[in-house]
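This report refers to the structure that appears directly beneath it.
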2 protein chains.
Amino acid sequence: MNFSVAEENYIKAIWHLQRYHDDVTTNLLANQLHTRPASVTDMLKKLKTKKLVHYEKYHGFSLTTEGKKIALGVIRRHRLWEFFLSEKLKFDWDEVHEVAEDLEHVSSKKLIDKLDEYLGFPKVDPHGDPIPDNQGKMETSSSICLDQLELNRSAEVSGVGNQSTELLELLKHKNIRIGTKLEIKKRFEFDNSLEIKIRNTPAFTISEQLAKNLLVKHGK
Amino acid sequence: MNFSVAEENYIKAIWHLQRYHDDVTTNLLANQLHTRPASVTDMLKKLKTKKLVHYEKYHGFSLTTEGKKIALGVIRRHRLWEFFLSEKLKFDWDEVHEVAEDLEHVSSKKLIDKLDEYLGFPKVDPHGDPIPDNQGKMETSSSICLDQLELNRSAEVSGVGNQSTELLELLKHKNIRIGTKLEIKKRFEFDNSLEIKIRNTPAFTISEQLAKNLLVKHGK
DNA sequence: AATTAAATTTAGACAAATCTAAAAATTATT
DNA sequence: AATAATTTTTAGATTTGTCTAAATTTAATT
Ligand SMILES: [Mn+2]
Ligand SMILES: [Mn+2]
Ligand SMILES: [Mn+2]
Ligand SMILES: [Mn+2]
């Protein structure tokens, strides 16, 4: 079956919200998609008839197995295009998301599988997020949130909590990107800010909000 | 301003029809877009309010200067993607058109200009059609229709009359592609079929319809 | 347990793009 | 020039996705 741009955006948004919320709510989804709760309800009814979500009115909703499959297809396309834009067209990593938001809806299977091959079957996108393969399987990341990293333990930045230009702009300014090696030198109780050390550069502090939006992997 | 997929498809279709028809008609356009005359009329009214077409009811229509500019933007995107699919992703030349039909509507200017650069500013697409530059300018081809080529005069295939899979399949079977050098050995009055010679291969005949859908450039 | 607050759904409307069937205008033919 | 044939436009529906405002249900608080 074939899905509309709107349907794909809803399905993908539900998938993302499910990752971090036990139950996804109508308001939450409306907020994520910059739309209204009433519109979400309308779409949920449609997605239910297409068997992409489980939905009982007033009692929440979640993706079906089929819904998850569709979501992973969209996410695969999104992240492959992001990789292409970054790697081949030399886009900055804070510019790729918006364009990929459109490209992800061009759904020729052949196009995407050939693109994947052309790119050398990349495993992660420019934000460190794993790219599903053509079966919908992807690496489960062993990343933890930076604010949970132990003091003085070396780690490597592996991902970001969201793709907002605001976040990515801040990271660019602080010279933090995927692969950056760092450790936490001190934790300030007052505001939970962290003193960070990157090799060969002076230490600096980052806010709690920023720490909560950075994923890291332990160094060996 | 930003245009919908439907609007872009209409504008592009009018542009193409204008190339070969003195006046484009409602029926012709409906046929081209696999839609109904009534739908064409509806869209023409809308395009008129957006100043993309001149239109007086019952008396025909044509693109405005602005309309032509929009058309060339869509055509630029279409042909650049076709080149990408063929050159980088190794699609056959009869497979690129359909996918490009979707990709052409992703309208990030930056994306297209960077893609153009990445591809090395190609001048023609896989069907031999010229690619507009970022100013909307493109090579005016000196091609002539194969059925007007003189006997025994060497020429090189430079384009095809349309992108139908049927035509491209036939050309693939006869081993004719962009760049193929050939000459006409004989013209049969009965059905206007032509005997064609390609170097190092036996001569063969092609139908009048095929000849009318092949563009060639004179060899020097 | 009753009341209040918050979340969710319905009712009704609207814009975009399409369609069919009927009416109107243009063009071709007697 | 009148009539017939063709083309084009209108009238009225339909589908998709969205919205606001009001009604309903669930959750929280007295
Ligand atoms: Mn999207
Ligand atoms: Mn990403
Ligand atoms: Mn198109
Ligand atoms: Mn082409």
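Just so it is clear, the model here is predicted, and its values are computed rather than measured. Reckoned from all heavy atoms, side chains included, excluding hydrogens, waters and symmetry mates. So you know, we letter chains A, B, ... as the sequences are listed, proteins then strands, and number each from 1.
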5' priority, DNA chain D, between E56(B) and S4(A) [closest heavy atom]: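 The residue whose closest nucleotide sits nearer the 5' end is E56(B).
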
Closest-nucleotide 5' rank along DNA chain D - winner of V5(A) and A38(A): V5(A)

Listed nucleotide nearest any side-chain atom of T41(A), set dT18(D), dT10(C), dT9(D): dT10(C)

Mind calculating the distance between [atom1] ([X]) and [atom2] ([N]) to the nearest angstrom?
X      : N       : atom1 : atom2 : result
D42(B) : dA16(C) : CG    : C1'   : 10 Å
L28(A) : dA6(C)  : CG    : P     : 17 Å
R36(A) : dA21(D) : CZ    : P     : 10 Å
E7(A)  : dT18(D) : CD    : C1'   : 14 Å
Y55(B) : dT7(D)  : OH    : C1'   : 12 Å
N2(A)  : dT16(D) : CG    : C1'   : 15 Å
L44(B) : dT10(D) : CG    : C1'   : 14 Å
L33(A) : dT18(D) : CG    : P     : 8 Å

So, is [X] near the phosphate of [N], with a side-chain N or O under 4.0 Å from OP1 or OP2?
X      : N       : answer
K57(A) : dT24(D) : no
K45(B) : dT9(D)  : no
S39(A) : dC19(D) : yes

Enclosure of K69(A) NZ (heavy-atom neighbours >12, cutoff 6.0 Å):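 At most 12 heavy atoms, drawn from other residues, nucleotides or ligands, come within 6.0 Å of this atom.
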
Atom CD of E56(A): over 12 foreign heavy atoms under 6.0 Å: no

Within 45° cone of Y118(B) ring axis and under 6.0 Å: K88(B) NZ or CZ: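 Output yes; distance and angle both within limits.
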
K110(A) charged N/C atom sitting above F91(B) aromatic ring, 6.0 Å / 45°: yes

Within residues 10-27 of chain B, residues whose heavy atoms come under 4.0 Å of DNA chain C: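 Output list: Y10(B).
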
Audit row: E95(B), K114(A), salt bridge (charged side-chain N to carboxylate O under 4.0 Å, His left out) steps and yes/no: CA-CA 13 Å; E95(B) 302 172 313; K114(A) 287 216 168 207; 5.4 Å; no

M138(B) vs D129(B) side-chain heavy atoms within contact, under 4.5 Å: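 M138(B) vs D129(B): side chains apart.
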
Pair of N/O donor and acceptor under 3.5 Å linking dT7(D) base with Y58(B) side chain: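 No, the side chain and the base share no sub-3.5 Å donor-acceptor pair.
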
Between F84(B) and F84(A), ring centroids under 6.0 Å: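 Judged by ring-centre distance (under 6.0 Å), F84(B) and F84(A) do meet the cut-off.
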
